[in-house]
Amino acid sequence: NDDIQGTGVMMSAAMNAIARVTGTPVTEHRYVIFGGGTAGCGVADQILLEMTLQGMPQEEAIKHFYLVDRYGLVTDEMTDLTAGQVKYARRQSEFSTPLTELADIIEAVRPSVLIGTSGQPGKFTETVVRKMAEYNEKPAILPISNPTKLCEAKAEDVISWSEGRALVVTGSPSQPVTYQGTTYVIGQANNALLYPGLGLGIVVAKAKTVTDGMLSAAAHGIVSLQDLSKKGAPILPPVKYVREASRLVAKAVVKAAIQDGVATAQIADADIDTAVEAAVWTPTYR
């Protein structure tokens with residue numbers, strides 16, 4: 001599902017990159033997801049999956065998530081919650097008063113990651129971004145709603161308000177941002193980085209089904225492309241590298257399909273690269 005797993009895998013890939021940049025594992029971050037609909041719950045589910053695959057019990061991992069919808073922080077005292085919202089609802093008893101404003105939620109929760117899936121433009125205000133920067137050396141702020149007119153914040157504002165410390169991913173293309181002599185290339189959570197490679201890996205492996213392990217492998221394949229050691233490097237690869245990303249994703253997916261026992265093609269680990277390359281069409285005359 002594009003909203004649930006597609007966007008979720010891209011955010012899982014972003015989180016693996018953020019873990020490398022911050023030196024803090026995915027399992028140790030605290031997540032506020034602003035937008036409690038299908039996409040927001042899907043993002044939470046995919047990051048949750050990544051946490052459990054890294055060895056954290058699901059019951060413990062869920063405690064790292066704070067879901068926010070139009071009425072504020074989602075809690076167990078709210079009515080008419082969706083199944084996804086019920087899964088991530090916090091106990092109201094954790095807080096002295098209901099939390100309805102995002103800035104107040106940030107102050108109470110002190111998350112290291114803020115993801116926007118709300119379609120509500122401008123909701124990541126200067127106050128919100130500065131609070132994130134106050135509590136984190138490298139706050140991860142990902143306003144991924146698209147198109148651009150629905151984005152929770154502009155990349156240039158987030159970079160400026162955080163004094164160049166924020167790790168930013170947007171849902172629509174963003175121009176590089178130059179701040180105090182450093183150029184920040186803004187990664188885009190574009191599902192085009194996922195699907196061609198995922199589909200190719202499934203076909204090459206002749207997989208009977210798509211496993212959670214294959215989706216996680218796809219996320220790791222995406223993030224393996226870029227060098228994150230340079231300040232200002234994009235958290236996710238630019239879409240112009242889709243062919244390179246697709247190869248890496250496909251190879252990771254084939255390997256995971258074999259490990260998960262769902263591959264029906266007879267491919268040894270040592271032959272995965274060759275099998276994937278043989279299946280890639282190259283638009284050149286021989």
Side-chain angles (χ1 to χ4, degrees), residues 1-15 17-18 31-44 46-47 66-74 82 84-85 100-106 111 113-133 139-179 183-195 222 232 234-242 245:
N1 181 285
D2 187 31
D3 266 350
I4 299 171
Q5 289 151 306
T7 304
V9 169
M10 294 308 301
M11 287 295 93
S12 182
M15 279 313 307
I18 287 164
Y31 305 86
V32 165
I33 299 179
F34 184 72
T38 304
C41 291
V43 165
Q46 208 62 45
I47 297 174
Y66 299 79
L67 198 63
V68 183
D69 75 352
R70 70 185 69 183
Y71 303 112
L73 181 68
V74 174
T82 65
Q85 291 172 336
T100 57
E101 297 298 323
L102 181 57
D104 294 336
I105 294 168
I106 298 299
V113 180
L114 174 61
I115 300 173
T117 57
S118 68
Q120 300 296 310
K123 290 298 185 179
F124 291 0
T125 63
E126 182 174 355
T127 299
V128 166
V129 171
R130 289 192 180 279
K131 281 184 179 293
M132 287 290 296
I141 302 176
L142 301 89
I144 62 169
S145 291
N146 54 49
T148 303
K149 65 181 181 180
L150 300 181
C151 196
E152 288 83 4
K154 296 178 181 178
E156 57 264 37
D157 288 335
V158 176
I159 295 294
S160 174
W161 294 336
S162 66
E163 300 176 341
R165 292 190 282 117
L167 305 175
V168 184
V169 172
T170 55
S172 299
S174 293
Q175 292 299 313
V177 177
T178 300
Y179 177 82
T183 298
Y184 298 84
V185 181
I186 309 302
Q188 181 193 358
N190 191 320
N191 295 358
L193 292 167
L194 165 67
Y195 285 122
I222 292 167
I235 296 300
L236 291 173
V239 178
K240 67 180 180 180
Y241 296 123
V242 63

Legend entry - CG on Leu114 to CG on Leu142, rounded to 0.5 Å: 8.0 Å

Inset, instruction - Determine yes or no for a side-chain-to-main-chain donor-acceptor pair under 3.5 angstrom, with Arg130 supplying the side chain and Trp161 the backbone. - result: yes

Legend entry - Side-chain heavy-atom pair Ile47, Ile115 within 4.5 angstrom cut-off: yes

Inset, instruction - Give the C-alpha distance, both sets of side-chain angles, the deciding distance and a yes or no for side chain to side chain contact (heavy atoms under 4.5 Å, CB included) between Val169 and Ile18. - result: CA-CA 10 Å; Val169 172; Ile18 287 164; 5.6 Å; no

Inset, instruction - Kindly say whether Val158 contributes a backbone atom to a donor-acceptor pair with the side chain of Ser162 at under 3.5 angstrom? - result: yes

Inset, instruction - Give a yes or no answer on whether the side chain of Ser145 reaches the backbone of Ser118 with a donor-acceptor pair at less than 3.5 Å. - result: yes

Legend entry - Donor-acceptor contact present, side-chain Gln85 to main-chain Gly36, <3.5 Å: yes

Legend entry - Backbone of Gly164 reached by a side-chain donor or acceptor of Tyr184 within 3.5 Å: yes

Inset, instruction - Give, for atom NZ of Lys131 and atom CD1 of Ile105, the distance between the pair rounded to the nearest 0.5 Å. - result: 12.0 Å

Legend entry - Leu150 side, atom CG; Ile144 side, atom CD1 - distance, nearest 0.5 Å: 12.5 Å

Legend entry - Donor-acceptor contact present, side-chain Gln188 to main-chain Gly171, <3.5 Å: yes

Legend entry - Nearest non-hydrogen partners of Ala14 and Ile235, listed with the distance: O-CG2, 3.7 Å

Legend entry - Where Met10 and Ile222 come nearest, the two heavy atoms and their spacing: SD-CD1, 3.7 Å

Inset, instruction - For Glu126, look at atom CD and say whether over 12 heavy atoms of other residues, nucleotides or ligands are found less than 6.0 Å away. - result: yes

Inset, instruction - Report the distance from atom OG1 of Thr125 to atom CD1 of Ile106, rounding to the nearest 0.5 Å. - result: 9.5 Å

Inset, instruction - Mind listing the closest non-hydrogen atom pair of Val239 and Leu193 along with its distance? - result: CA-CD2, 4.2 Å

Legend entry - Pairwise distance CG(Leu167) to CE(Met15) - rounded to 0.5 angstrom: 9.0 Å

Inset, instruction - Write down the atom of Asn1, the atom of Ile4, and the distance for their closest heavy-atom approach. - result: OD1-N, 2.9 Å

Legend entry - Atom of Pro234, atom of Gly187 and distance for their closest heavy-atom approach: CB-N, 4.0 Å

Inset, instruction - Count the heavy atoms of every other residue, nucleotide or ligand shown that sit under 6.0 Å from NZ of Lys154, and state whether that count exceeds 12. - result: no

Legend entry - Minimum heavy-atom distance between Asp2 and Tyr195, given as atom pair plus value: CA-OH, 3.1 Å

Inset, instruction - Give a yes or no on this: more than 12 heavy atoms of other residues, nucleotides or ligands lie within 6.0 Å of atom OH of Tyr241. - result: no

Inset, instruction - Report yes if some heavy atom in the side chain of Met132 is under 4.5 Å from a heavy atom in the side chain of Phe124; otherwise report no. - result: no

Inset, instruction - Measure the CG-OG1 distance between Asp69 and Thr82 for me, rounded to the nearest 0.5 Å. - result: 8.5 Å

Inset, instruction - Without swapping roles, check the side chain of Thr117 against the backbone of Gly35 for a donor-acceptor pair under 3.5 Å. - result: yes

